[in-house]
Amino acid sequence: MKARDPRLRGLYLVTDARLAPDEHLRSAVEAALNGGARIVQYRDKSDDAARRRAQALALRELCSRHGALFLVNDDVALAQACGADGVHLGREDMPIETARVRLGEAAIIGVSCYDQLSLALDAQARGADYVAFGAFFPSGVKPEAVRAPVALLSRAREALQLPICAIGGITAENGAPLIRHGADMLAVISAVLAREDVARAAHEIHQLFVNPLQDASR
C-alpha cells in the first residue's frame, strides 16, 4: 500500500463547463485557487479533444504555480498528455491497475465509491490513492446521484488508510460535519463556481479545514 499523501486534504474544486464556460474557466479556477482550493479536477465530457487538451494544459500550469494538485476526470490519456498529477476514475472507467501502468507510481489515482464501503476497500487494495463517497446532499449538477449517509464517513475512516473525499451538494454551511466524520477533502462545484465571488466562496469552504467546529460562512 502506498504511503498516505498529505497533499490530499482541503477544498477540491471540480470544474463544470456550464458554470465556468471556456472564456471564464481559467479565471474562475484561479480565483478558487486564490481562495484556498488545494486540488482541481478538470471535468469536461465534450468530444472536442483539441479544446480539452488546451484547457487541461492551461489549468495544469495554473495549479503548478499555486502549488495545487491538478487531476483529470476519467481520461487517462489526457492526464498523461498534459502532465497532470493524476486522474479520477468512476465505475465505468479504466481499471486502477491499467491507469497506474499508464501514469506511473507517482500519479494520484482517485476512485468514486458512491455509497459503498466495499468499493473503497477494493480500491485501496488495488492501489488507489484516495476514495470519494457521495452524494451527501442533493446535487444540482448530478440530481440523479445516489445519496450516501454521513455515517459512512465514520465507518470508512475506521476501515481505510486512504484519504477520503466527500462530494455532492456540499456548501460552506453543511461541510463541517463531513470533515468531523472523517472527510479529508470536500469536492465542490456549484458552491464555488456558481457564486459571483468565486474566491470568497472558496475561502469560506477552505476555512472549514482551519476550524471544522464552526461553519465558515459566519
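Nothing here was measured: the structure is a model prediction, and the numbers come from that model.
Tracing side-chain contacts under 4.5 Å through hydrophobic residues (I, L, V, M, F, W, Y), one reaches Ile39 starting from Val131; they form part of the same cluster. A single hydrophobic cluster is seen to contain both Val40 and Leu71, as judged by linkage of ILVMFWY side chains at heavy-atom distances under 4.5 Å, directly or through other members. A chain of hydrophobic side-chain contacts below 4.5 Å, direct or via other Ile, Leu, Val, Met, Phe, Trp or Tyr residues, connects Leu8 to Leu162. Hydrophobic clustering of Ile, Leu, Val, Met, Phe, Trp and Tyr side chains at less than 4.5 Å, counting indirect connections, keeps Leu89 apart from Leu160. When the side chains of ILVMFWY residues are joined at heavy-atom separations under 4.5 Å, either directly or via intervening members, Leu178 and Leu117 end up in a single hydrophobic cluster.
The structure places CE of Met94 at 9.5 Å from CD1 of Ile109, a figure rounded to the nearest 0.5 Å. One finds the CD1 atom of Ile167 at 10.5 Å from the CE atom of Met185 (value rounded to the nearest 0.5 Å). How far CZ of Arg60 is from CG of Leu69: 13.5 Å, rounded to the nearest 0.5 Å. Of the inter-residue distances, the one linking His203 atom NE2 with Leu208 atom CG reads 10.0 Å to the nearest 0.5 angstrom. Within the model, atoms CD1 of Ile179 and CD1 of Ile164 stand 12.5 Å from one another, a figure rounded to the nearest 0.5 Å. To the nearest 0.5 Å, the span separating CD on Gln80 from CG on Leu103 amounts to 6.0 Å.
What you find for Asp129 and Ala107 is that their closest heavy atoms are OD2-O, 3.2 Å. The shortest heavy-atom contact between Leu121 and Ala159 is CD2-O, 3.9 Å. Across every non-hydrogen atom of Asp74 and Gly90, the tightest pair is OD1-N, 4.1 Å. Looking at every heavy atom in both residues, Arg51 comes nearest to Ser46 through NH1-OG, 2.8 Å. Ala20 approaches Ala28 most closely through the heavy-atom pair CB-CB, 4.2 Å.
Applying the side-chain hydrogen bond (donor to acceptor under 3.5 Å, both in side chains) test to Arg147 and every residue at least two apart in sequence or in another chain returns nothing. Partners of Arg26 under the side-chain contact (heavy atoms from CB on, under 4.5 Å) rule, at least two apart in sequence or in another chain, are Glu30, Glu61, Leu62, Arg65. The side-chain contact (heavy atoms from CB on, under 4.5 Å) search around Pro95 returns Glu97, Thr98, Arg126, not counting sequence neighbours. Checked against side-chain hydrogen bond (donor to acceptor under 3.5 Å, both in side chains), Asp85 has no partners two or more places apart in sequence or in another chain. By the side-chain contact (heavy atoms from CB on, under 4.5 Å) test, Ala84 pairs with Phe70, Val72, Ala79, Cys82, sequence neighbours left out. Under the side-chain contact (heavy atoms from CB on, under 4.5 Å) criterion, Pro6 pairs with no residue, sequence neighbours left out.
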May I have the list of side-chain donor-acceptor pairs in residues 52-59 shorter than 3.5 Å, sequence neighbours left out?
| from | atom 1 | to | atom 2 | distance (Å) |
| --- | --- | --- | --- | --- |
| Arg52 | NE | Asp44 | O | 3.0 |
| Arg52 | NH1 | Asp75 | OD2 | 3.1 |
| Arg52 | NH2 | Asp44 | O | 3.2 |
| Gln55 | OE1 | Tyr42 | OH | 2.6 |
| Gln55 | NE2 | Asp22 | OD1 | 2.9 |

Report, one line per pair, each donor and acceptor closer than 3.5 Å where one atom sits in a side chain of residues 187-199; sequence neighbours left out.
| from | atom 1 | to | atom 2 | distance (Å) |
| --- | --- | --- | --- | --- |
| Arg195 | NH1 | Glu204 | OE1 | 3.3 |
| Arg195 | NH2 | Glu204 | OE1 | 3.4 |
| Arg195 | NH2 | Glu204 | OE2 | 3.4 |
| Asp197 | OD1 | Ala199 | N | 3.4 |
| Asp197 | OD1 | Arg200 | N | 3.0 |

Review point. Run the side-chain contact (heavy atoms from CB on, under 4.5 Å) check on Ile205 and Leu186 step by step: do they pass?
Key: CA-CA 8 Å; Ile205 297 174; Leu186 298 181; 4.2 Å; yes
Review point. What do the steps show when you test Asp16 against Lys45 for salt bridge (charged side-chain N to carboxylate O under 4.0 Å, His left out), and what is the final call?
Key: CA-CA 9 Å; Asp16 180 270; Lys45 300 293 187 178; over 6 Å; no
Practice item. Apply the test side-chain contact (heavy atoms from CB on, under 4.5 Å) to residues Arg38 and Leu11: give CA-CA distance (whole Å), side-chain angles for both, the deciding distance (0.1 Å), then the verdict. Key: CA-CA 6 Å; Arg38 303 309 307 144; Leu11 171 57; 5.7 Å; no
Practice item. List the steps and the verdict of side-chain contact (heavy atoms from CB on, under 4.5 Å) for Asn73 and Val14. Key: CA-CA 9 Å; Asn73 178 269; Val14 180; 6.0 Å; no
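The hydrophobic cluster containing Tyr114 also includes Leu119, Val146, under a criterion of side-chain heavy atoms closer than 4.5 Å among ILVMFWY residues, counted directly or through chains of members.
With respect to Asp184 and Arg4, a salt bridge is recorded, a charged nitrogen being found less than 4.0 Å from a carboxylate O.
Of the N and O atoms on the side chains of Arg91 and Ser112, not one donor lies less than 3.5 Å from an acceptor on the other residue.
Pairs engaging residues 133-157 under the ring-ring contact (aromatic ring centres under 6.0 Å, His included) rule: none recorded [sequence neighbours left out]. Screening residues 168-191 for ring-ring contact (aromatic ring centres under 6.0 Å, His included), with sequence neighbours left out, gives no hits. For residues 79-100, the ring-ring contact (aromatic ring centres under 6.0 Å, His included) pairs, not counting sequence neighbours, are His88-Tyr130.
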